[in-house]
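In what follows, chains are A, B, ... by sequence order, proteins preceding strands, each numbered from 1.
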Amino acid sequence: MPIEIDIAKVARLARIGLTPEELVHYEQQLQVILEHAARVQALPTDGVAPTAHPLPMVNAFRSDEVEPTLDREEVLSQAPDREGPYFRVPPFLDE
Amino acid sequence: MDLADLTIAEAGARLRSGDLTAVDLLAAVRRRVSMTEAILHAYLTIDADGATAAAVEADAAFSRGEDRGPLHGIPIALKDNMVTRGIETTCSSRILAGYIPPYDATVVERLKTGGAVILGKTNLDEFAMGSSTENSAYGTTRNPWNPDRVPGGSSGGSAAAVAVGSAFGAFGSDTGGSIRQPASLCGVVGMKPTYGLVSRYGLIAFASSLDQIGPIGRTVADTVTLFEAVAGHDPADATSFRGSYPDPRVDLDKGVKGLRIGIVRELSGDGIQPGVAAAFQATVDRLDAAGAAVKEVSLPSTEFALSAYYLIAPAECSANLARFDGVRYGPRVDGDSVEAMMSATRRDGFGPEVTRRILLGTYALSAGYYDAFYGQAQKVRTLVMEDFKKAYAEVDVLVTPTSPTTAFEVGERADDPLAMYLSDICTIPSNLSGDPAVSVPVGLDEDGLPVGFQVLAPALGEAVMFRVAAEVERLSGFDIRPELASSEGAR
């Protein structure tokens, strides 16, 4: 069964700008891989619980106390653009 | 004998007897690096100054009578997806070019505390996605046994470095086999610990529920030493295991007499290259002769494990890699809006394999497809785990070839992602189950390329796994180094 892929929508959701040629290329590759991956649907799984994590785990809490953090200057030194103590980005809104 | 060819155990003994110094060991390894790197490209970054300072300090500590443990003074390499304070960490991606982390991963911190000398950062498939180390933005690593071949992936740089002696040991990360498969293709020992036994804090995440840091060594005993140096609970990693586990070294010399060993029917027949199948069978026969009870067992769900993996891993990767958006680190491509800036930055920053997996994961998690793909894959994961549980009720360990083939040619599978994905068919099931597994070299195929033998054990079963691995190593007597590692071969 061919798998329906709106590749332009997927690329937009993933925030990866692709050229029209790249969209075609990736759509074809995803088709092949997903047709193989869709084999999981052939397995009867009624009553099977999904596994999100291989080991049984309980929540890991720590006490709610202030602890030393990374040095702000050192962290900001890695940013492509900054203004004072902030990361600087282009406008979110049109105006 | 060149000092770069010593094992960690041998080098450690000679350091303690005063027969040689950490500075001598580092010099030998750096000579080996300068002889082999032009061909291999195992390293992305060599931290010459940092390593020299660490070696000098290690010698000073010895002369003060301090002994920080078995890695004290030993040169070690790290896959470049573990963050190292002050040393560039790129994950082989353009999107992290120039990134200097402000902290050390827990593994790095523990190695430094143990006196290890960190020589540099090794090449990998971009963000650890791949099975050949061809998907690096900074060039392919070559297989030391034949430079026309791949070293495997994604920890190909770490495996190649250990194989030629340009590190005494190394660490990689294993999401679907990325330590064991390159170890197999390069003729060294590579191990994936039980999920949670080694902290992932500071490992740049690919697929969090599958990723595990683990060691690559020249011998099983060295690999145990490397594992012990980094294992144990870490409060900085919420998935870190808090209980106790058996001493991984205690049974190393006990042999396999009386142990029950299961051959996985689904992973030892079809699709296995003849040279690999022959080396595998010869090893099984030796274990049988050494007193193990060998029987065949079935893991029926493994047929679906690969499909489940190629939904779960991309889904988690698409979420983890959302943080690379041109805001906090790495280069940025400008745009008129935040979305345009992010889309342009991510288009230019990610290579084709990473882009493909982000798109796959985004699709598998998107509305309307989630249940059919991701949700179903998580249920298949449960079935794979149940298969393992049933098998371990009958046997102590399972064995398979590590990789269905020996090292393939550079470029051979580059345009066929599905063929590349099949490289990991024997290793993926234990990433889904979270169980430990190790690859041990057992021989060469007809082309003179190494074959790896995989030993799998139930969760926290490192002791019995290493016990069998040590016996496999002893029985196969594999002690050949690639020609590139000798000074003649590198000329």
Dump the table of donor-acceptor contacts under 3.5 Å between chain A and chain B, or return none if there are none.
from: A:Glu4; atom 1: O; to: B:Tyr363; atom 2: OH; distance (Å): 3.0
from: A:Arg12; atom 1: NE; to: B:Glu339; atom 2: OE2; distance (Å): 2.4
from: A:Arg12; atom 1: NH2; to: B:Glu339; atom 2: OE1; distance (Å): 2.9
from: A:Arg12; atom 1: NH2; to: B:Glu339; atom 2: OE2; distance (Å): 3.3
from: A:Ala14; atom 1: O; to: B:Arg346; atom 2: NE; distance (Å): 3.1
from: A:Ala14; atom 1: O; to: B:Arg346; atom 2: NH2; distance (Å): 2.9
from: A:Arg15; atom 1: O; to: B:Arg346; atom 2: NE; distance (Å): 3.1
from: A:Gly17; atom 1: N; to: B:Ser343; atom 2: O; distance (Å): 3.2
from: A:Gln29; atom 1: OE1; to: B:Arg356; atom 2: NH1; distance (Å): 2.3
from: A:His36; atom 1: O; to: B:Ser307; atom 2: OG; distance (Å): 3.1
from: A:His36; atom 1: ND1; to: B:Ser307; atom 2: OG; distance (Å): 3.4
from: A:Arg39; atom 1: NH2; to: B:Glu303; atom 2: OE2; distance (Å): 3.3
from: A:Val40; atom 1: O; to: B:Gln376; atom 2: NE2; distance (Å): 2.8
from: A:Gln41; atom 1: NE2; to: B:Ala372; atom 2: O; distance (Å): 3.1
from: A:Leu43; atom 1: O; to: B:Gln376; atom 2: NE2; distance (Å): 3.1
from: A:Thr45; atom 1: OG1; to: B:Gln376; atom 2: OE1; distance (Å): 3.0
from: A:Thr45; atom 1: OG1; to: B:Gln376; atom 2: NE2; distance (Å): 3.4
from: A:Ala49; atom 1: O; to: B:Thr382; atom 2: OG1; distance (Å): 2.4
from: A:Thr51; atom 1: N; to: B:Gln378; atom 2: O; distance (Å): 3.0
from: A:Thr51; atom 1: N; to: B:Thr382; atom 2: OG1; distance (Å): 3.2
from: A:Thr51; atom 1: O; to: B:Gln378; atom 2: NE2; distance (Å): 3.1
from: A:Thr51; atom 1: OG1; to: B:Thr382; atom 2: OG1; distance (Å): 2.7
from: A:Glu74; atom 1: OE1; to: B:Arg85; atom 2: NH2; distance (Å): 3.0
from: A:Glu74; atom 1: OE2; to: B:Arg85; atom 2: NH2; distance (Å): 3.1
from: A:Gln78; atom 1: OE1; to: B:Ile100; atom 2: N; distance (Å): 2.9
from: A:Gln78; atom 1: NE2; to: B:Ile100; atom 2: O; distance (Å): 3.3
from: A:Ala79; atom 1: N; to: B:Arg328; atom 2: O; distance (Å): 3.4
from: A:Arg88; atom 1: O; to: B:Arg332; atom 2: NH1; distance (Å): 3.1
from: A:Arg88; atom 1: O; to: B:Arg332; atom 2: NH2; distance (Å): 2.8
from: A:Pro91; atom 1: O; to: B:Val338; atom 2: N; distance (Å): 3.3

Heavy-atom pairs under 4.5 Å with chain A, option from [options] with the top count:
options                                : answer
B:Val380, B:Leu311, B:Ile358, B:Val327 : B:Val327
B:Leu321, B:Ile312, B:Val338           : B:Val338
B:Ala377, B:Gly196, B:Gly330           : B:Gly330

Check each atom of B:Pro102 against the heavy atoms of chain A and say whether the ones under 4.5 Å are side chain, backbone, both or neither.
-> both
Which region of B:Leu210, side chain (C-beta onward) or backbone (N, CA, C, O), has a non-hydrogen atom less than 4.5 Å from a non-hydrogen atom of chain A, or is it both or neither?
-> neither
Between CG on residue A:Leu43 and CG on residue B:Leu383, distance to nearest 0.5 Å | 5.5 Å
Could you grab the distance from atom CD1 of A:Ile33 to atom CG of B:Leu360, nearest 0.5 Å is fine?
-> 5.0 Å
Heavy-atom proximity to chain B below 4.5 Å, by part of [X]:
X       : value
A:Ala49 : backbone
A:Ile16 : both
A:Leu76 : neither

Selection from A:Pro50, A:Ala79, A:Ala60 maximising heavy-atom pairs under 4.5 Å formed with chain B = A:Pro50
